[in-house]
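Since this is a predicted model, take the numbers as computed values, not measurements.
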Amino acid sequence: MWTGVFPAVTTKFTEDDRLDHGEMERCFALQMEAGCDGIIVCGSLGEGPMLSHDEKIDVLKTAQKIAGNKPVLLTVNEAGTREAAAIARRAAKEGANGLMVVPSPIYHTNEEETVAALRAVAEAGDLPVMIYSNRLAYRVDVTVDQMEELAKDKRFVAIKESSDDIRRSTEIINRFGDRYDLFTGVDNLAFEALSVGAIGWVAGLVTAFPRETVAIYQLMKQGRREEALKIYRWFRPLLDLDVSTYLVQNIKLAEVLAISTNDRVRMPRQPLSGERRRTVEKIVRDALGARPELPTF
(Lines give C-alpha, C1' and ligand atoms only; values in the text may rest on other atoms or scores of the structure.)
Protein backbone atom coordinates (compact mmCIF):
# COMPACT_ATOMS: atom_id res chain seq x y z
CA MET A 1 0.00 0.00 0.00
CA TRP A 2 2.76 2.47 0.98
CA THR A 3 6.28 2.52 -0.34
CA GLY A 4 9.11 4.96 -1.01
CA VAL A 5 10.40 8.02 0.81
CA PHE A 6 8.01 9.61 3.31
CA PRO A 7 9.49 12.77 4.88
CA ALA A 8 8.72 13.31 8.55
CA VAL A 9 8.41 17.02 7.89
CA THR A 10 9.25 19.80 10.31
CA THR A 11 6.63 22.24 11.52
CA LYS A 12 7.39 25.87 10.75
CA PHE A 13 6.65 28.70 13.17
CA THR A 14 6.44 32.47 12.87
CA GLU A 15 8.44 34.78 15.12
CA ASP A 16 5.45 35.01 17.46
CA ASP A 17 5.11 31.21 17.70
CA ARG A 18 2.16 30.68 15.37
CA LEU A 19 2.10 28.15 12.54
CA ASP A 20 3.80 29.47 9.42
CA HIS A 21 1.71 27.85 6.71
CA GLY A 22 3.35 29.75 3.87
CA GLU A 23 6.80 28.48 4.78
CA MET A 24 5.50 24.98 5.32
CA GLU A 25 3.95 25.03 1.85
CA ARG A 26 7.29 26.06 0.36
CA CYS A 27 9.28 23.43 2.25
CA PHE A 28 6.75 20.65 1.64
CA ALA A 29 6.75 21.47 -2.06
CA LEU A 30 10.52 20.90 -2.19
CA GLN A 31 9.90 17.36 -0.96
CA MET A 32 7.30 16.66 -3.61
CA GLU A 33 9.40 18.20 -6.38
CA ALA A 34 12.31 15.92 -5.42
CA GLY A 35 10.12 12.84 -5.89
CA CYS A 36 9.13 11.92 -2.34
CA ASP A 37 6.21 9.52 -2.14
CA GLY A 38 4.19 10.89 0.77
CA ILE A 39 4.32 13.15 3.81
CA ILE A 40 4.10 12.42 7.53
CA VAL A 41 3.17 15.39 9.69
CA CYS A 42 3.36 16.16 13.41
CA GLY A 43 5.79 13.42 14.38
CA SER A 44 8.76 13.75 16.69
CA LEU A 45 10.61 15.85 14.15
CA GLY A 46 7.42 17.80 13.51
CA GLU A 47 7.20 18.67 17.23
CA GLY A 48 3.82 16.96 17.41
CA PRO A 49 3.68 16.74 21.23
CA MET A 50 4.05 20.55 21.33
CA LEU A 51 1.06 21.15 19.03
CA SER A 52 -2.59 21.44 19.94
CA HIS A 53 -5.08 19.21 18.14
CA ASP A 54 -6.32 22.18 16.15
CA GLU A 55 -2.76 22.96 15.08
CA LYS A 56 -2.15 19.35 14.07
CA ILE A 57 -5.21 19.39 11.84
CA ASP A 58 -4.08 22.69 10.32
CA VAL A 59 -0.65 21.24 9.51
CA LEU A 60 -2.36 18.18 8.02
CA LYS A 61 -4.45 20.40 5.73
CA THR A 62 -1.38 22.32 4.59
CA ALA A 63 0.41 19.09 3.71
CA GLN A 64 -2.65 17.80 1.85
CA LYS A 65 -2.70 20.99 -0.21
CA ILE A 66 0.86 20.34 -1.39
CA ALA A 67 0.91 16.54 -1.63
CA GLY A 68 -1.75 16.26 -4.32
CA ASN A 69 -2.62 12.60 -4.79
CA LYS A 70 0.24 11.35 -2.61
CA PRO A 71 -0.59 10.04 0.88
CA VAL A 72 -0.44 12.30 3.92
CA LEU A 73 -0.28 10.61 7.33
CA LEU A 74 -0.91 12.29 10.67
CA THR A 75 1.18 11.14 13.61
CA VAL A 76 -0.74 10.17 16.74
CA ASN A 77 1.59 10.61 19.71
CA GLU A 78 -0.71 11.70 22.53
CA ALA A 79 -0.04 10.72 26.12
CA GLY A 80 -3.50 9.27 26.69
CA THR A 81 -5.44 6.83 24.55
CA ARG A 82 -8.62 8.92 24.84
CA GLU A 83 -6.85 11.92 23.32
CA ALA A 84 -5.15 9.71 20.73
CA ALA A 85 -8.49 8.32 19.63
CA ALA A 86 -9.94 11.83 19.43
CA ILE A 87 -7.24 13.14 17.09
CA ALA A 88 -7.49 9.95 15.03
CA ARG A 89 -11.21 10.60 14.49
CA ARG A 90 -10.51 14.21 13.51
CA ALA A 91 -7.80 13.16 11.08
CA ALA A 92 -10.20 10.74 9.40
CA LYS A 93 -12.85 13.45 9.13
CA GLU A 94 -10.32 15.76 7.45
CA GLY A 95 -9.35 13.17 4.86
CA ALA A 96 -5.99 11.94 6.15
CA ASN A 97 -4.76 8.95 4.18
CA GLY A 98 -3.53 7.21 7.28
CA LEU A 99 -2.06 7.47 10.76
CA MET A 100 1.38 6.82 12.16
CA VAL A 101 0.71 5.75 15.74
CA VAL A 102 3.19 5.92 18.61
CA PRO A 103 2.49 4.20 21.94
CA SER A 104 2.10 6.78 24.73
CA PRO A 105 5.38 8.71 25.03
CA ILE A 106 4.60 9.46 28.69
CA TYR A 107 3.35 6.20 30.19
CA HIS A 108 5.44 3.17 29.30
CA THR A 109 2.84 0.57 28.46
CA ASN A 110 3.29 -3.16 28.96
CA GLU A 111 2.59 -5.59 26.11
CA GLU A 112 -1.14 -5.94 26.78
CA GLU A 113 -1.58 -2.19 27.20
CA THR A 114 0.39 -1.42 24.04
CA VAL A 115 -1.74 -3.68 21.85
CA ALA A 116 -4.98 -2.42 23.40
CA ALA A 117 -4.02 1.23 22.94
CA LEU A 118 -2.98 0.77 19.32
CA ARG A 119 -6.21 -1.08 18.57
CA ALA A 120 -8.29 1.65 20.19
CA VAL A 121 -6.69 4.32 18.02
CA ALA A 122 -7.11 2.24 14.86
CA GLU A 123 -10.77 1.63 15.64
CA ALA A 124 -11.39 5.32 16.35
CA GLY A 125 -9.82 6.56 13.14
CA ASP A 126 -10.72 3.60 10.94
CA LEU A 127 -7.78 4.50 8.72
CA PRO A 128 -4.71 2.58 7.58
CA VAL A 129 -2.12 2.63 10.37
CA MET A 130 1.67 2.65 10.37
CA ILE A 131 2.88 1.27 13.71
CA TYR A 132 5.78 3.32 15.00
CA SER A 133 8.07 1.12 17.08
CA ASN A 134 10.89 3.11 18.70
CA ARG A 135 12.03 1.55 21.95
CA LEU A 136 15.00 3.90 22.36
CA ALA A 137 13.10 7.19 22.14
CA TYR A 138 9.84 6.10 23.77
CA ARG A 139 10.92 3.08 25.84
CA VAL A 140 8.07 0.97 24.49
CA ASP A 141 9.01 -1.81 22.10
CA VAL A 142 6.28 -2.98 19.72
CA THR A 143 7.72 -6.46 19.36
CA VAL A 144 7.33 -8.91 16.50
CA ASP A 145 4.95 -10.95 18.67
CA GLN A 146 2.80 -7.87 19.24
CA MET A 147 2.87 -7.14 15.53
CA GLU A 148 1.50 -10.63 14.98
CA GLU A 149 -1.40 -9.90 17.32
CA LEU A 150 -2.08 -6.59 15.55
CA ALA A 151 -1.90 -8.25 12.14
CA LYS A 152 -5.36 -9.67 12.79
CA ASP A 153 -6.70 -6.16 12.13
CA LYS A 154 -6.37 -5.19 8.48
CA ARG A 155 -6.09 -1.51 9.40
CA PHE A 156 -2.51 -2.09 10.57
CA VAL A 157 -0.73 -1.96 7.24
CA ALA A 158 2.83 -0.77 7.87
CA ILE A 159 5.69 -0.68 10.37
CA LYS A 160 8.10 2.19 10.97
CA GLU A 161 10.95 0.10 12.33
CA SER A 162 13.12 2.21 14.64
CA SER A 163 14.42 -0.31 17.16
CA ASP A 164 18.02 0.54 16.12
CA ASP A 165 18.61 -3.19 15.60
CA ILE A 166 18.91 -4.00 11.90
CA ARG A 167 18.14 -7.64 12.67
CA ARG A 168 14.55 -6.65 13.46
CA SER A 169 13.84 -5.88 9.80
CA THR A 170 14.69 -9.43 8.78
CA GLU A 171 12.73 -10.83 11.70
CA ILE A 172 9.64 -8.92 10.55
CA ILE A 173 9.99 -10.13 6.96
CA ASN A 174 10.64 -13.71 8.07
CA ARG A 175 7.54 -13.69 10.26
CA PHE A 176 5.11 -11.79 8.04
CA GLY A 177 6.40 -11.77 4.47
CA ASP A 178 4.71 -8.81 2.83
CA ARG A 179 1.82 -8.56 5.32
CA TYR A 180 3.22 -5.21 6.51
CA ASP A 181 4.80 -2.45 4.43
CA LEU A 182 8.19 -2.25 6.15
CA PHE A 183 9.70 1.23 6.51
CA THR A 184 12.99 2.09 8.11
CA GLY A 185 12.74 4.97 10.57
CA VAL A 186 16.41 5.46 11.48
CA ASP A 187 18.21 7.68 8.98
CA ASN A 188 21.68 6.27 9.58
CA LEU A 189 20.45 2.68 9.14
CA ALA A 190 18.49 3.35 5.96
CA PHE A 191 20.91 1.80 3.49
CA GLU A 192 21.21 -1.30 5.63
CA ALA A 193 17.43 -1.63 6.02
CA LEU A 194 16.77 -1.15 2.33
CA SER A 195 19.44 -3.78 1.65
CA VAL A 196 17.55 -6.42 3.66
CA GLY A 197 14.07 -5.74 2.36
CA ALA A 198 12.54 -2.52 3.69
CA ILE A 199 10.37 -0.95 0.99
CA GLY A 200 10.11 2.52 2.50
CA TRP A 201 12.01 5.16 4.42
CA VAL A 202 10.44 7.55 6.93
CA ALA A 203 13.21 10.09 6.63
CA GLY A 204 14.39 13.09 8.63
CA LEU A 205 17.34 14.71 6.86
CA VAL A 206 15.28 14.52 3.69
CA THR A 207 13.71 17.82 4.73
CA ALA A 208 17.05 19.53 4.06
CA PHE A 209 18.38 17.12 1.40
CA PRO A 210 15.39 15.71 -0.47
CA ARG A 211 17.09 14.92 -3.78
CA GLU A 212 19.90 12.92 -2.18
CA THR A 213 17.47 10.93 -0.05
CA VAL A 214 15.28 10.07 -3.02
CA ALA A 215 18.34 9.17 -5.09
CA ILE A 216 19.51 6.61 -2.53
CA TYR A 217 16.06 5.03 -2.39
CA GLN A 218 15.62 4.92 -6.16
CA LEU A 219 19.09 3.50 -6.75
CA MET A 220 18.49 0.75 -4.20
CA LYS A 221 15.12 -0.01 -5.78
CA GLN A 222 16.84 -0.39 -9.15
CA GLY A 223 19.58 -2.63 -7.76
CA ARG A 224 22.29 0.02 -8.27
CA ARG A 225 23.78 -0.64 -4.87
CA GLU A 226 27.28 0.76 -5.36
CA GLU A 227 25.93 4.08 -6.65
CA ALA A 228 23.58 4.31 -3.69
CA LEU A 229 26.34 3.42 -1.26
CA LYS A 230 28.58 6.20 -2.56
CA ILE A 231 25.89 8.80 -1.86
CA TYR A 232 25.05 7.20 1.48
CA ARG A 233 28.65 7.37 2.65
CA TRP A 234 28.71 11.09 1.85
CA PHE A 235 25.36 11.47 3.63
CA ARG A 236 26.24 9.57 6.83
CA PRO A 237 27.57 12.48 8.93
CA LEU A 238 24.35 14.33 8.18
CA LEU A 239 22.16 11.31 8.84
CA ASP A 240 23.77 10.91 12.25
CA LEU A 241 22.15 14.23 13.20
CA ASP A 242 18.78 12.45 13.20
CA VAL A 243 19.83 10.13 16.03
CA SER A 244 20.09 12.67 18.81
CA THR A 245 18.17 14.29 21.64
CA TYR A 246 18.54 17.43 19.54
CA LEU A 247 17.27 15.94 16.27
CA VAL A 248 14.69 18.71 15.81
CA GLN A 249 17.19 21.53 16.28
CA ASN A 250 19.87 19.68 14.30
CA ILE A 251 17.66 19.12 11.29
CA LYS A 252 16.11 22.57 11.38
CA LEU A 253 19.61 24.05 11.36
CA ALA A 254 20.47 21.84 8.39
CA GLU A 255 17.36 23.25 6.70
CA VAL A 256 18.59 26.79 7.35
CA LEU A 257 21.82 26.09 5.51
CA ALA A 258 20.47 23.83 2.75
CA ILE A 259 17.07 25.29 1.85
CA SER A 260 17.25 28.81 3.35
CA THR A 261 14.51 28.52 5.92
CA ASN A 262 14.48 29.27 9.65
CA ASP A 263 15.21 27.09 12.68
CA ARG A 264 12.53 28.38 15.03
CA VAL A 265 11.31 25.70 17.44
CA ARG A 266 8.63 25.60 20.10
CA MET A 267 9.66 25.86 23.73
CA PRO A 268 10.97 24.25 25.80
CA ARG A 269 13.25 23.57 22.84
CA GLN A 270 15.52 26.38 21.75
CA PRO A 271 17.63 26.68 18.59
CA LEU A 272 21.15 25.35 18.86
CA SER A 273 23.75 27.75 20.18
CA GLY A 274 27.41 27.89 21.09
CA GLU A 275 29.71 24.97 20.40
CA ARG A 276 26.86 22.58 19.58
CA ARG A 277 25.63 24.92 16.85
CA ARG A 278 29.13 25.39 15.46
CA THR A 279 29.63 21.61 15.32
CA VAL A 280 26.41 21.01 13.41
CA GLU A 281 27.04 23.94 11.08
CA LYS A 282 30.45 22.49 10.19
CA ILE A 283 28.96 19.06 9.45
CA VAL A 284 26.35 20.60 7.17
CA ARG A 285 28.71 23.05 5.44
CA ASP A 286 31.29 20.32 4.83
CA ALA A 287 28.59 18.16 3.25
CA LEU A 288 27.33 21.03 1.11
CA GLY A 289 30.87 21.64 -0.09
CA ALA A 290 31.25 18.02 -1.21
CA ARG A 291 27.73 17.43 -2.48
CA PRO A 292 27.72 14.49 -4.90
CA GLU A 293 26.50 14.56 -8.45
CA LEU A 294 23.21 12.70 -8.62
CA PRO A 295 21.98 10.39 -11.38
CA THR A 296 18.81 11.12 -13.32
CA PHE A 297 15.88 8.73 -13.20
Side-chain angles (χ1 to χ4, degrees), residues 1-9 31 34-40 43-45 71 73 75 98 100-102 129-138 140-148 150-151 156-244 247 251 297:
M1 182 176 177
W2 294 325
T3 186
V5 177
F6 281 43
V9 291
Q31 305 299 301
C36 292
D37 301 284
I39 296 177
I40 299 178
S44 303
L45 183 55
L73 280 60
T75 306
M100 184 171 75
V101 183
V102 183
V129 171
M130 178 183 291
I131 302 165
Y132 183 9
S133 178
N134 188 335
R135 63 189 180 192
L136 295 184
Y138 302 115
V140 173
D141 188 10
V142 184
T143 64
V144 176
D145 286 343
Q146 290 169 306
M147 293 174 194
E148 184 163 2
L150 294 167
F156 292 102
V157 301
I159 306 290
K160 179 185 176 183
E161 210 302 285
S162 299
S163 69
D164 204 39
D165 182 352
I166 193 61
R167 293 170 294 191
R168 177 69 67 83
S169 295
T170 297
E171 290 165 6
I172 292 170
I173 293 170
N174 283 350
R175 181 80 66 94
F176 303 110
D178 61 0
R179 165 61 183 83
Y180 288 113
D181 298 332
L182 178 60
F183 280 66
T184 179
V186 181
D187 268 1
N188 62 6
L189 278 177
F191 180 87
E192 293 83 351
L194 293 169
S195 296
V196 297
I199 64 170
W201 180 359
V202 178
L205 267 296
V206 66
T207 64
F209 294 90
R211 292 177 62 247
E212 288 83 357
T213 307
V214 170
I216 290 170
Y217 178 82
Q218 290 295 335
L219 288 168
M220 291 298 287
K221 185 177 178 181
Q222 296 175 19
R224 297 160 65 181
R225 181 183 181 279
E226 291 304 317
E227 293 173 81
L229 183 56
K230 183 177 179 180
I231 300 169
Y232 185 69
R233 285 173 173 161
W234 162 85
F235 213 174
R236 258 300 303 273
L238 291 165
L239 298 177
D240 290 347
L241 298 175
D242 181 57
V243 187
S244 166
L247 81 158
I251 292 175
F297 300 100

When rounded to the nearest 0.5 angstrom, what distance separates [atom1] in [X] from [atom2] in [Y]?
X      : Y      : atom1 : atom2 : answer
Asn188 : Asp240 : CG    : CG    : 4.5 Å
Phe209 : Leu239 : CZ    : CG    : 9.5 Å
Ile216 : Leu194 : CD1   : CG    : 8.5 Å
Arg236 : Leu205 : CZ    : CG    : 11.5 Å
Ile159 : Arg179 : CD1   : CZ    : 8.5 Å

Which atom pair, heavy atoms only, marks the closest approach of [X] to [Y]?
X      : Y      : answer
Ser195 : Met220 : OG-CE, 3.3 Å
Phe156 : Leu150 : CD1-O, 3.4 Å
Ala203 : Val5   : CB-CG1, 4.4 Å
Met147 : Val142 : CE-O, 3.2 Å
Leu219 : Ile231 : CD1-CD1, 3.7 Å
Ser169 : Val196 : CB-CG2, 3.9 Å

Heavy-atom distance under 4.5 Å between the side chains of [X] and [Y], does that happen here?
X      : Y      : value
Thr143 : Gln146 : yes
Leu238 : Glu212 : no
Asp187 : Phe235 : no

Evaluate whether atom CG of Asn174 has more than 12 neighbouring non-hydrogen atoms of other residues, nucleotides or ligands under 6.0 angstrom away.
yes
Please indicate whether Arg233 has more than 12 foreign heavy atoms, meaning atoms of other residues, nucleotides or ligands, lying under 6.0 Å from its CZ.
no
Which residue pairs pass the ring-ring contact (aromatic ring centres under 6.0 Å, His included) test with at least one member in residues 213-233, sequence neighbours excluded?
Phe191-Tyr232
So among Trp201, Tyr132, Phe183, which one has a ring-ring contact (aromatic ring centres under 6.0 Å, His included) with Phe6?
Phe183
Under the side-chain contact (heavy atoms from CB on, under 4.5 Å) rule, collect the residues that match up with Ile173, sequence neighbours excluded.
Leu182
Could you work out, with side-chain contact (heavy atoms from CB on, under 4.5 Å) as the rule, every residue matching Leu189, not counting sequence neighbours?
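Partners of Leu189 by the side-chain contact (heavy atoms from CB on, under 4.5 Å) criterion, ordered by chain and then number, come out as Asp164, Val186, Glu192.
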Using the side chain to side chain contact (heavy atoms under 4.5 Å, CB included) rule, take Ile251 and Asp242 through it: C-alpha gap first, then chi angles, then the decisive distance, then the call.
CA-CA 7 Å; Ile251 292 175; Asp242 181 57; 3.6 Å; yes
Worked check of side chain to side chain contact (heavy atoms under 4.5 Å, CB included) between Val144 and Phe176:
CA-CA 9 Å; Val144 176; Phe176 303 110; 3.8 Å; yes
Which is it for Arg168 and Ser133 under the side chain to side chain contact (heavy atoms under 4.5 Å, CB included) test, yes or no, and what are the steps along the way?
CA-CA 11 Å; Arg168 177 69 67 83; Ser133 178; 4.2 Å; yes
Does Val102 form a side chain to side chain contact (heavy atoms under 4.5 Å, CB included) with Thr75? I'd like the steps, not just the answer.
CA-CA 8 Å; Val102 183; Thr75 306; 4.1 Å; yes
Salt-bridge test for Glu227 and Lys230: reply yes if a basic N is under 4.0 Å from a carboxylate O, no otherwise.
no
Applying side chain to side chain contact (heavy atoms under 4.5 Å, CB included) between Tyr180 and each of Ile199, Val157, Ile131, report the one that passes.
Ile131
